[in-house]
Amino acid sequence: MTTIPKALEELVTRSQFIGADQSLVVFGGGNTSAKGEITDHLGRKRTVLWVKGSGADMTNAVAVDYPALYLEELLSLKQFEKLSDEEMTDLVGKALVDPNSRRPSIETLLHAFLPSKHIDHVHADSICALTNHQGGKKAVAEALGNGFAYVDWIRPGFELSKFSSQFSEMEGIVLAHHGLIVWDENSDKCKEKTMNAVNKANKYLDSLAVKPAAKFDHVGPSDQELNDLLLALRGKLSNKTKRVLTIDNRLQEISKRKDLPALVEAGAASADHMLRIRPWSAVLPEKADPTNSIPVIDKYVDRYTKYFEANKSLLPQGYSMHDPDPRVVLVPGVGTITTGASKNEGKMLADIAFHTHSVAGKVLDSFGSADTIGDAEVFGFDYWPMELYKLSSKPKPQKFAGHVFVVTGAGSGIGRGIALELATQGASLVLADLEDEGLKETEKLIANNKGLKPEFVVGDQTKESVVIETINSAIKNFGGFDGVVMSAGIGVSDSLESLTLEKWNQGLAVNLSSSFLITKHAMTNLRKQGIGGSLVYIASKNAFSPGAGFGGYSVSKAGMLQLMRIAALEGGSAQIRANAINPDAIFDNSKLWEGGIREQRAAAHGVKPEDLEDFYASRNMLKVRVTSKDVAMTTCYLLSEDSSRTTGSVIAVDGGVAAAFPR
Ligand SMILES: [Zn+2]
């Protein structure tokens, strides 16, 4: 590795500082640059521009995020009158020192055409608040003095870069509805200038701000009301693509404002926000409930579709309408509900919504009314090929992206194997078990496989309160759920003559009654969500082929199958499917064989305890050991749309045991 040039090092450090403050840039927004010298492949000293890579997030800036481009090459592009985005991107790409480096920002020429060594371009909240109303130019002059140029909205690209270059003698540039550009020969001074301008803007806004208009002062929804609202919304918004809903309370105060609809109409604070959260957010009525909220979503979809139809003559070739559902829903008294393939995405959208709508609140409080770019310009940005490219280069979503599942007994054995497989395929999970030790181990394995961080519920699933808490965790954390896997279970050995009533009852409680409680509460809530669901019962080969001395276990598992069949009968009309899996002899990570069960089963079969796995393998037709992964794969099938026509069935995952053939 060659050493990193000083100017680049300073640039990375400065960018990390800027990236750490979401009021300056959010998730890949804004860009920074530095100019300096390198020695090229022929040993010549060459001046280069290091500029942020397209889509790179400054929060974790590293040197490779900043591709180097030969400045001379970039400057010679100034001779052109006009360049389309595609032409410009192509020509800028030819100036890269290393053609394999990261694609440079669309705003590269903005940095190249301004002569200063260090340049910051941020989409700061306070600067956008200055410009997002009719009197933007005057407000900028009053807040920052006359040293700053004011440039009306021009979409980023060649034209904006060339136009802005004429202001290089000034202190900086304010781009209306977009952000700020400042520069200096010294990196620290550049950073200081950015912060100074932002602070001055904030001070000015505060000096003008009047108390916000009257607020609704109603009590927020109860937990039960909020659950019902979340289920209805998730059902509505997951109709085509499954989505996770995320609640965020930071906009609770703003959500109570009487002028909330006007505030949302003010649009995105900085144009780049709308790429992620759409040009507008949906606003639910006061005292939102499923009945009055679903029509709001319908109306939103209708509006988006009309906006698309009205502007589609501007649509670049090869593109079709984005899915028209809202990404951000404002709920009076609550804050925001955002949608995404995961909670991480939901949280990111909530962050952007927080900044965008807070800026609109500031604009209304300071200037009385807001103004934004016109619909056609909004459309131009919403369907801008340069940005669509960024989105299209994201990896294809995983099979269970946006899906939510509850898995009991997830701290060991089959439950752990199922949790791991579901997480590996992109699912959001609520994992339940008696103790958190096993769950933490499962979480570690999930993290190693780059799965999403699961939610835990620690407690005894034979208690109804714990079952309710488990289902509610899925609703509260993810907006609802798509399936439940009942995998918690215990082995109960002893002949009927020696089996105590206590052990018998315990087997029934854990293996059967708990499944009844989960079925009851899962079905009730799946019905409210209205998009069906899948219940998977992990029973046992013993349900069809019982073993002497294992009655307490076998009876409870046979009961589980009957419970599954009733669930299939009663859930069918609501598209709720119920199926069971009969595994046999799963040993990996399993606790089932602890507490003397292994020894007893070995004795019953006349083999040594350590030979039990081999004995079971030799007993089945395929002569194989069966693992939790095998059960997990069948579970994935039953939870997915692949099995959408299957309910009330039992699948054996036992290597083939004739006496246990489903019947
Ligand atoms: Zn920008």
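Everything quoted here is computed from the prediction, not taken from an experiment. In what follows, every heavy atom counts, from backbone to side chain, and hydrogens, waters and symmetry copies are set aside.
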**OP:** To the nearest 0.5 Å, tell me how far Leu83 CG sits from Asp90 CG.
**Re:** 10.0 Å

Original post:
Going by distance alone, is a donor N or O of one side chain under 3.5 Å from an acceptor N or O of the other, for Lys362 and Asn202?
Top reply: yes

Original post:
Is the closest basic N to carboxylate O distance between Arg234 and Asp482 below 4.0 Å?
Top reply: yes

Subject >> Atom pair CG/CG of Leu263 and Leu330 - distance to nearest 0.5 Å >> reply: 8.0 Å

**OP:** Consider only side-chain N and O atoms of Thr424 and Asn449, and report whether a donor and an acceptor are under 3.5 Å apart.
**Re:** yes

**OP:** Decide if atom CD of Gln134 counts as having more than 12 heavy atoms of other residues, nucleotides or ligands within a radius under 6.0 Å.
**Re:** no

Original post:
Under 30°, 30 to 60°, or over 60°: which ring-plane class applies to His121 and His123, parallel, tilted or perpendicular?
Top reply: perpendicular

Original post:
Between Lys203 and Glu142, is the closest basic N to carboxylate O distance under 4.0 Å?
Top reply: no

Subject >> Distance-only donor-acceptor check, side chains Asp351 and Gln22, under 3.5 Å >> reply: yes

**OP:** Step through the shown structure and confirm whether more than 12 heavy atoms of other residues, nucleotides or ligands are within 6.0 Å of CD on Glu159.
**Re:** no

**OP:** Give every residue pair that meets the ring pair (Phe, Tyr, Trp, His ring centres under 6.0 Å) criterion with at least one member in residues 341-362, sequence neighbours excluded.
**Re:** none

**OP:** Consider only side-chain N and O atoms of Ser105 and Ser54, and report whether a donor and an acceptor are under 3.5 Å apart.
**Re:** no

Original post:
Below 4.5 Å, heavy atoms only, C-beta onward: do Leu233 and Leu284 meet side chain to side chain?
Top reply: yes

Original post:
For the residue pair Tyr319 and Trp384, is the inter-centroid distance of their aromatic rings smaller than 6.0 Å?
Top reply: no

Subject >> Main-chain N/O of Asn292 paired with Asp289 side-chain donor or acceptor, under 3.5 Å >> reply: yes

Original post:
NZ/Lys191 to CE/Met195 distance, rounded to the nearest 0.5 angstrom?
Top reply: 9.0 Å

**OP:** Indicate whether any N or O donor in one side chain lies under 3.5 Å from an N or O acceptor in the other, for Asn472 and Asn227.
**Re:** yes

Original post:
Should the pair Asp120-Arg14 be classified as a salt bridge under the 4.0 Å nitrogen-to-oxygen rule?
Top reply: yes

Subject >> Verdict with supporting geometry, Trp153 and Phe381, ring-ring contact (aromatic ring centres under 6.0 Å, His included) >> reply: CA-CA 12 Å; Trp153 171 254; Phe381 209 80; 5.8 Å; yes

**OP:** Check whether the side chains of Thr131 and Tyr150 place a donor and an acceptor atom closer than 3.5 Å, and report yes or no.
**Re:** no

**OP:** Give a yes or no on whether Lys162 atom NZ has more than 12 heavy-atom contacts from other residues, nucleotides or ligands under 6.0 Å away.
**Re:** yes

Subject >> Check: Tyr307 main-chain N/O paired with Asn311 side-chain donor or acceptor under 3.5 Å >> reply: yes

**OP:** For Tyr66 and Ser15, run side chain to side chain donor-acceptor pair (under 3.5 Å): C-alpha distance rounded to whole Å, both residues' side-chain angles, the deciding distance at 0.1 Å, then the answer.
**Re:** CA-CA 10 Å; Tyr66 290 81; Ser15 303; 2.8 Å; yes

Original post:
Roughly how far apart are Ile154 CD1 and Leu160 CG, rounded to 0.5 Å?
Top reply: 5.0 Å

Original post:
Would you say the side chains of Asn477 and Lys343 form a donor-acceptor pair under 3.5 Å?
Top reply: yes

Original post:
Charged N to carboxylate O under 4.0 angstrom, Glu171 versus Lys193?
Top reply: no

Subject >> Short side-chain donor-acceptor distance under 3.5 Å, Asn525 and Gln529 >> reply: no

Subject >> OG1-CG distance between Thr338 and Leu349, expressed to the nearest 0.5 angstrom >> reply: 5.5 Å

Subject >> Flag if over 12 foreign heavy atoms under 6.0 Å of CG, Asp223 >> reply: no

Original post:
For residues Ser281 and Tyr300, is any side-chain donor paired with an opposing acceptor at under 3.5 Å?
Top reply: no

Original post:
Strictly under 6.0 Å, is that where the ring centroids of Phe405 and Phe400 end up?
Top reply: yes

**OP:** Check whether the side chains of Tyr304 and Asp382 place a donor and an acceptor atom closer than 3.5 Å, and report yes or no.
**Re:** yes

**OP:** Ignoring hydrogens and angles, state whether a donor on the side chain of His178 or Ser270 is under 3.5 Å from an acceptor on the partner side chain.
**Re:** no

Subject >> Mutual orientation of the aromatic rings belonging to Tyr383 and His322 [parallel < 30°, tilted 30-60°, perpendicular > 60°] >> reply: parallel

Subject >> Salt bridge present between Lys52 and Asp57 (N-O < 4.0 angstrom) >> reply: no

Subject >> Inter- and intrachain pairs under salt bridge (Lys or Arg N to Asp or Glu O under 4.0 Å), touching residues 312-333, at least two apart >> reply: Arg243-Asp323, Arg243-Asp325, Glu309-Lys312, Asp323-Arg327

